[in-house]
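Written below as structure tokens is the structure these notes are about.
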Amino acid sequence: MSKLPKNFLWGGAVAAHQLEGGWQEGGKGVSVADIMTAGANGVEREITDGVLPGKNYPNHDAIDFYHHYKEDVKLFAELGLKCFRTSIAWTRIFPNGDDAEPNEEGLKFYDDLFDECLKYGIEPVITLAHFEMPYNLVKKYNGFSDRKVIDYFVRFAEVCFRRYKDKVKYWMTFNEIDNQSSYDNDFLMATNSGLIFHDDEDREAAMYQAAHYELVASAKAVKLGHEINPDFKIGCMINFTPLYPLNSAPDNVMLSERLMQRRYWFSDVHVNGVYPENIEKYVIRKGFRKDITDEDRVALKEGTVDYVGFSYYNSMTVALPDGESIDGDLQPDELVVQNPYVKVSDWDWPIDPTGLRFSLNWLNDRYHLPLFIVENGLGAYDKVESDGSIHDPYRVAYLRAHIEEMEKAVDLDGVNLMGYTPWGFIDLVSAGTGQMSKRYGFIYVDKDDDGNGTLKRSKKDSFEWYQEVIKTNGEDL
Ligand code: P53
């Protein structure tokens with residue numbers, strides 16, 4: 001007997017900007033992803049002032065899914081996917097973000113893509129904004145620091161909801177909206193909110209205001225979506241990284257709780273339609289989020305989500321440095337320490353399968369909504385053998401261990417889980433580093449970090465393994 005419900009949504013997840021390429025085709029505008037250069041392992045991507053000559057922008061061509069989607073979706077069907085999570089590139093629909101009319105060629109592309117999926121019985125699961133804000137909105141309005149951008153996002157959402165209302169049932173508004181709790185990180189601020197900092201601005205203040213506008217935009221979109229099609233299931237999407245205390249020192253336990261609050265208020269607002277008390281107190285004390293209206297509060301209440309989508313890659317561990325106070329200025333990223341009990345990946349990401357069970361329990365206890373694991377996986381270097389085969393037991397080991405914990409959460413802990421879509425199940429451009437060589441896929445794509453390669457697709461050993469997992473509804477791991 002399978003531990004998972006019969007209609008469990010086994011799938012795979014990607015995002016438009018990381019696989020489509022065709023950055024100037026079909027009338028597409030420039031997005032914030034198009035101005036990010038390739039970094040490397042341990043080397044940050046550069047965010048340039050527009051597209052500059054002589055720089056390597058890996059998202060421009062990516063794996064050229066824009067032209068390969070038919071053969072790719074055929075492979076996804078062979079893999080046995082029940083659902084396919086991707087995003088709609090905002091700039092294919094509204095090239096500048098503030099255009100008067102949507103771009104028909106862009107809308108047509110997703111019609112064709114969704115039809116291709118549905119032909120094989122693959123359910124599209126769609127993120128509206130996955131790190132792809134039109135660059136014009138960044139330049140003109142400084143992204144979500146301007147209230148006007150709420151309307152531009154809602155219009156984009158509305159156009160998509162109306163156009164695809166009979167093809168797409170599962171939606172998410174903003175990908176990993178809580179990443180910006182790391183407000184010192186340029187990449188996360190640009191990809192979440194379109195915020196690019198030039199001098200000594202108060203980043204934390206800017207984040208709380210921009211995130212507020214995003215949450216209002218999300219809530220308005222959710223409300224509208226439910227009006228357009230009452231059968232829609234519209235979720236939020238958070239990067240769930242449990243923050244463990246390094247040890248049982250009371251200050252560290254309190255620190256872990258405090259940093260969880262500073263990270264998960266985004267989903268609190270999405271789910272409950274109100275700010276949690278601790279954040280309300282904090283923003284008032286600090287003078288953040290000055291612009292919040294009564295209409296905003298009503299909008300938040302009226303647009304709560306149907307489910308909680310989340311990515312899980314790892315836990316993190318935190319400790320309060322000597323002499324610091326829990327009520328002082330806490331810069332979350334500076335409080336992260338190594339967890340002596342877990343190993344790390346080649347990119348130094350901790351590997352903690354139990355953390356996934358912890359996450360499912362925590363989210364279930366806090367929100368009492370269906371959950372959807374929409375990203376999980378291991379970025380790794382793969383080696384192509386002389387006969388073309390790719391042996392990736394490390395990938396299978398990572399995923400197997402996580403699926404086991406997921407099944408315990410459902411079977412033993414009663415978590416209501418909708419599905420599981422491993423990240424980057426076809427190799428694509430890494431968001432964090434811009435590398436091709438940080439691979440997550442069951443499907444290998446022949447392309448290297450300098451952009452060379454035939455783009456040929458081939459199956460890794462893990463392809464057959466995941467095929468069997470889906471076929472047996474997670475029994476045969
Ligand atoms: P890459 C940071 C921390 C955790 C997840 O990440 C993150 C990021 C941003 O890099 O992003 C999510 O490609 C995101 C995907 C991304 C994936 O995790 O850096 O939703 O777009 O590709 C994996 O290894």
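All ligand and atom numbering here is 1-based and tracks the order in the structure.
Glu71 is linked by a side chain to side chain contact (heavy atoms under 4.5 Å, CB included) to His68, Arg457, counting only residues two or more places apart in sequence or in another chain. Residues passing the side chain to side chain contact (heavy atoms under 4.5 Å, CB included) test with Glu158, sequence neighbours excluded: Arg162, Leu224, Ile228.
With a 4.5 Å cut-off on side-chain heavy atoms, Asp427 and Ile63 do not count as touching.
Closer than 4.0 angstrom to ligand 1 lie heavy atoms from Gln18, His130, Phe131, Asn175, Glu176, Phe187, Asn239, Tyr313, Trp349, Glu375, Trp423, Ser430, Ala431, Gly432, Lys438, Tyr440.
A ring-centre distance under 6.0 Å is not found for Tyr444 and Phe463. Ring-centre distance between Tyr183 and Tyr208: not below the 6.0 Å cut-off.
Sorted by first and then second residue, the pairs that involve residues 16-42 and meet ring pair (Phe, Tyr, Trp, His ring centres under 6.0 Å), not counting sequence neighbours, are His17-His130, Trp23-His60.
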